[in-house]
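Remember, it's a predicted structure, so these values are computed and weren't measured experimentally.
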Amino acid sequence: MSYRNSLRSGTSLRTCAIALILAGAAVPSIAAAQTTQPPVPDTEEDGQPVADDDTDENVIVVSGFRAALESAVNEKRNSDLILESVTAEDIGKLPDDSIGESIARLPGITSQRLNGRANVIAIRGLGPDFSQTLLNGREQTSTGDSRAVEFDQYPSEVVSQVNVYKTPSASLVGQGLVGTIDVRTIRPLEVDEPIFAIGAKGSYADIGALNAGSRDYGYRLNATFVDQFADDTIGVALAAAYTDEPYQLQEFNAWGYAGDGTPGNPYIIGGNKSFVTSTRLKRFGVNGTLQYQASPNFMVTVDGFYSSFDDDQSKRGIELPLGFSNPYTTSSVVDGPFGGFAESGTFTDVRGVVRNDVFQRQADLYSGGLNLDYNGDDGWSAFFDFGYSRTDRNELSIESYSGTGYGGGNGAADTIGFTSDTNGTAFTHTLDYSDPSLIRLTDPLGWGGARVQAGYWNNRIIADELFQYRVGVSKELGGFLSAMHFGMAYTDRSKSLTPDEFFVSPPGGATEVAIPTGALLRPTDLDYLGLGPIVSYDVRDLIADGTLILDRNTSNDVPAKAYGITEDLMTIYLQADIEQELGIGVLTGNFGVQAINTDQNSTGLAFAGGQPVDVSLGADYWDVLPSANLSLRLDSGWVFRLAASRQIQRPRLDDLRVAISYGINTNAGESPTGVAPFISGGGGNPLLRPYRANAVDFNIEKYFANGAGVVAVQAFYKDIVNWIANGRYTFDYSGLPTPAGQTPATTIGFLDTQVNTGGGNFYGVELSATVPFDAFFSGLEGFGATGGVGYTKSEVEDFNGDVAPISGYSEWVANGTLYYDLNGFSARGSVRYRSEFIGEFSGFGGSPTRRLARAETIVDAQIGYEFQPGSALEGLSVYLQGQNLTNAPFVSQFNVPEPRAVIDYQEYGRRFLVGATFKF
């Protein structure tokens with residue numbers, strides 16, 4: 001039997017691996033691979049572990065986490081692609097509370113937390129804008145503004161496996177620059193027996209219920225059903241999960257830092273904007289799959305996924321204008337490498353703004369598809385696949401202001417003392433911000449100008465829809481070329497934003513209004529900042545009862561945010577698989593080419609001298625992406641891998657928006673032609689081309705302990721030939737109306753936007769290992785360790801030729817798990833670390849804001865027990881998890897690495913979860 005045929009034969013170890021998944025391993029399999037090439041959805045190899053061809057029925061098969069790791073090591077060993085994988089412990093139960101946390105434990109991968117949740121993934125040091133996420137091999141829409149999938153949108157209970165491809169092949173459609181994440185759901189005809197499983201989990205946030213109306217307890221419920229009918233030719237899988245969980249956050253936030261660090265003008269906190277945030281996450285997800293084996297050669301698979309996501313946040317806190325606008329005295333100024341820094345002092349005549357804000361994101365995600373798969377007895381095979389994905393999202397942000405008086409010069413002023421250190425700033429105060437007779441609904445600092453602006457209503461309505469069609473044909477061959485694959489794919493995506501914005505004001509032209517007594521809630525405690533309690537209310541109730549009114553914002557700034565984007569992709573690929581027996585082992589792999597035609601277009605409004613004009617712009621271009629993956633497998637247990645490819649990542653969708661504003665510029669020194677007057681403006685750039693890179697990967701792996709252990713070194717290098725950065729783009733305005741008034745001497749001007757720049761280098765090395773301790777000491781049966789560490793160096797240049805600050809980039813990432821698993825009892829401790837990185841935050845109006853985030857180390861632990869066969873409770877497993885056990889904060893800093901210049905200091909507390917699953 002040839003090497004490649006052995007992968008398809010369905011060996012006894014493959015059967016054991018599937019059974020172990022269903023029986024419930026303790027934690028995820030790490031660094032697993034799937035097949036020689038990335039599978040088309042629902043091909044015969046899809047989702048199947050690969051193992052050595054061992055049909056010895058007398059072999060002793062271990063269970064639990066050790067067996068899952070052995071299966072993962074076999075998959076990695078037999079794969080021609082470089083990838084990592086995480087597999088569900090059991091039906092309906094991933095090893096972590098979220099998909100993001102499970103993926104973040106894989107070698108070379110980490111995450112950024114949002115409200116304590118790991119919701120976006122960074123691969124090889126680069127953030128979510130540089131990778132692509134698929135569901136069952138199909139591209140997906142997202143609940144965010146960019147292409148990056150936020151993993152909150154997928155309930156972990158409906159996921160059976162996640163594969164992270166670090167290198168592409170020609171047949172992988174929808175690949176990213178640093179990786180492709182493929183989320184897999186259950187395929188019922190791959191399950192050997194009927195399954196009905198239910199689970200429940202309770203969660204507790206030890207930081208407490210911080211805002212009135214919030215909770216510190218939550219729960220999850222899930223159920224999964226899998227069965228086969230009609231002589232196992234029809235399979236049905238249904239999985240549903242419901243989540244109702246709280247997340248709590250205490251945050252210090254600075255507007256920034258005034259001063260320039262000189263002795264007479266030290267850095268000093270410019271303002272405070274700190275909140276206590278209570279989030280209630282409700283999510284219902286359901287997934288269904290129907291498979292029909294119409295004949296031994298023909299399979300029909302239909303699957304669908306729906307998720308309803310409601311993220312409701314109450315944000316209560318206080319803004320204090322300080323160093324940017326108020327007089328102060330300093331009592332302690334220290335010198336540092338970046339100049340003087342005011343550690344303590346006093347601000348006088350401070351008028352604070354008490355905030356009672358609401359942020360609510362509601363999203364409905366629909367996804368599904370049809371796959372027809374034919375595998376002939378003559379070596380020919382073919383498939384057709386249709387995929388659909390849609391996300392409808394409303395993102396409502398309501399700001400509500402109150403204070404001691406209107407307009408900045410009225411009402412009582414406060415004297416604020418401050419002490420700044422590496423954890424942020426603590427304050428002292430003289431006013432009681434919880435006194436409703438003192439604090440009134442108004443515009444305390446006159447932000448509305450002539451308008452009394454007591455708040456702002458911003459609703460962003462986003463629709464994102466995607467259709468994908470794929471066809472392919474393959475032929476198995478003999479000799480060095482073992483198979484050929486040819487395929488085509490067409491993807492049609494559209495995304496639109498409709499803003500809906502209002503001013504929030506007191507009615508009847510009043511400058512201020514009292515907070516109704518019946519609307520007052522339990523005061524929110526800001527003692528962690530030294531500011532005491534503040535008045536609390538729900539601004540939605542005040543708008544509903546007429547205490548505050550909405551006045552539509554008719555400014556051009558609102559329609560300028562609207563956009564519509566369409567993207568049509570035509571992909572063609574040709575791939576050859578290779579296999580050659582050598583005297584010392586076997587050489588396997590694939591090589592091929594993928595060609596992609598992109599037709600992108602954006603519609604929106606441009607403002608010529610303040611007058612709106614409908615604009616439609618776009619681009620049409622080709623990318624040709626060759627790739628090769630080679631694996632030399634020696635009989636001694638060594639495997640050497642070499643991969644080379646051309647890789648791309650398409651721009652963020654919101655960066656492609658056409659909405660721009662422009663006017664006349666008389667400064668000849670800024671003119672790209674040296675002629676003035678000319679036209680200049682700013683906005684999006686629908687002409688952007690993708691990130692592009694030439695990449696090489698080299699792996700060395702050593703397998704030991706009868707295939708149960710592995711140590712692997714991965715090295716990679718990317719020659720970046722095209723990048724995207726903030727810059728100034730020479731732009732021809734000849735197709736747009738000329739601004740009213742002065743006539744330009746030329747229509748060639750500039751646009752401040754995202755631009756394509758040159759490139760640079762991006763390279764690194766990763767070390768990963770899976771080590772069963774009983775391979776060295778028999779008395780340590782059940783004990784082991786798995787994990788990895790990765791180093792990445794970026795030398796990518798921005799628009800000005802400097803090293804670019806890349807969103808999500810960490811130089812070092814590391815993770816490790818120490819485990820014990822034997823006779824149904826399991827225990828583990830896990831640590832993940834990432835060095836400092838550029839974190840991405842969502843600012844008001846949804847625009848991305850990037851800041852330097854400090855290094856962080858997250859510690860989690862879990863214990864569990866699965867009742868063994870013969871027990872009265874057979875089928876029941878129970879577990880206890882602890883997350884963020886060291887209460888590690890998320891911290892971002894000012895734009896100089898001065899450790900006391902903190903912008904954000906967010907503390908989430910620890911989370912504890914207890915749960916049980918029962919499998920009938």
Looking at [Y], is its backbone amide N or carbonyl O close enough to the side chain of [X] to form a donor-acceptor pair, meaning the two atoms are under 3.5 Å apart?
X	Y	answer
Glu866	Gly864	no
Ser871	Phe867	no
Ser79	Lys76	no

- Task: Scan side-chain atoms only and decide if Thr491 and Asp568 contain a donor-acceptor pair under the 3.5 Å cut-off.
- Result: no

Would you say that [X] contacts [Y] through its side chain, given a criterion of any heavy-atom pair below 4.5 Å between the two side chains?
X	Y	value
Gln228	Ile234	no
Tyr306	Asp364	yes
Arg650	Leu569	yes
Leu625	Tyr573	no

- Query: Rounded to the nearest 0.5 Å, what separation is found between the CD1 atom of Ile109 and the CD1 atom of Ile121?
  - Reply: 7.5 Å

- side-chain hydrogen bond (donor to acceptor under 3.5 Å, both in side chains) against Asn597, all qualifying residues, sequence neighbours excluded: Asp620

- Note on the structure: By side-chain hydrogen bond (donor to acceptor under 3.5 Å, both in side chains), Thr391 pairs with (sequence neighbours left out) Thr141

- Is it true that Arg187 and Asp303 have a side-chain N and a carboxylate O under 4.0 angstrom from each other? yes

- Item | Check ion pair Arg493-Glu465 (N to O, under 4.0 angstrom) | no

- Does NZ or CZ of Arg77 fall inside the cone over Tyr703's six-membered ring, less than 6.0 Å from its centre and within 45° of the axis? yes

- Message: Could you go through His485 and Ser171, starting from their C-alpha distance and side-chain angles, then the distance that decides it, and tell me whether this counts as side chain to side chain donor-acceptor pair (under 3.5 Å)?
- Response: CA-CA 8 Å; His485 311 274; Ser171 60; over 6 Å; no

- How far apart are the C-alpha atoms of Arg633 and Asp80, what are their side-chain angles, what is the distance that settles it, and do they pass the salt bridge (Lys or Arg N to Asp or Glu O under 4.0 Å) test? CA-CA 10 Å; Arg633 310 165 188 282; Asp80 287 324; 2.7 Å; yes

- Query: Phe298 and Tyr374: aromatic ring centres closer than 6.0 Å?
  - Reply: no

- Task: Would you confirm whether the ring centroid of Phe384 sits within less than 6.0 angstrom of the ring centroid of Phe386?
- Result: no

- Item | Asp492 and Tyr469: CA distance, side-chain angles, deciding distance, side chain to side chain donor-acceptor pair (under 3.5 Å) verdict | CA-CA 9 Å; Asp492 177 11; Tyr469 308 84; over 6 Å; no

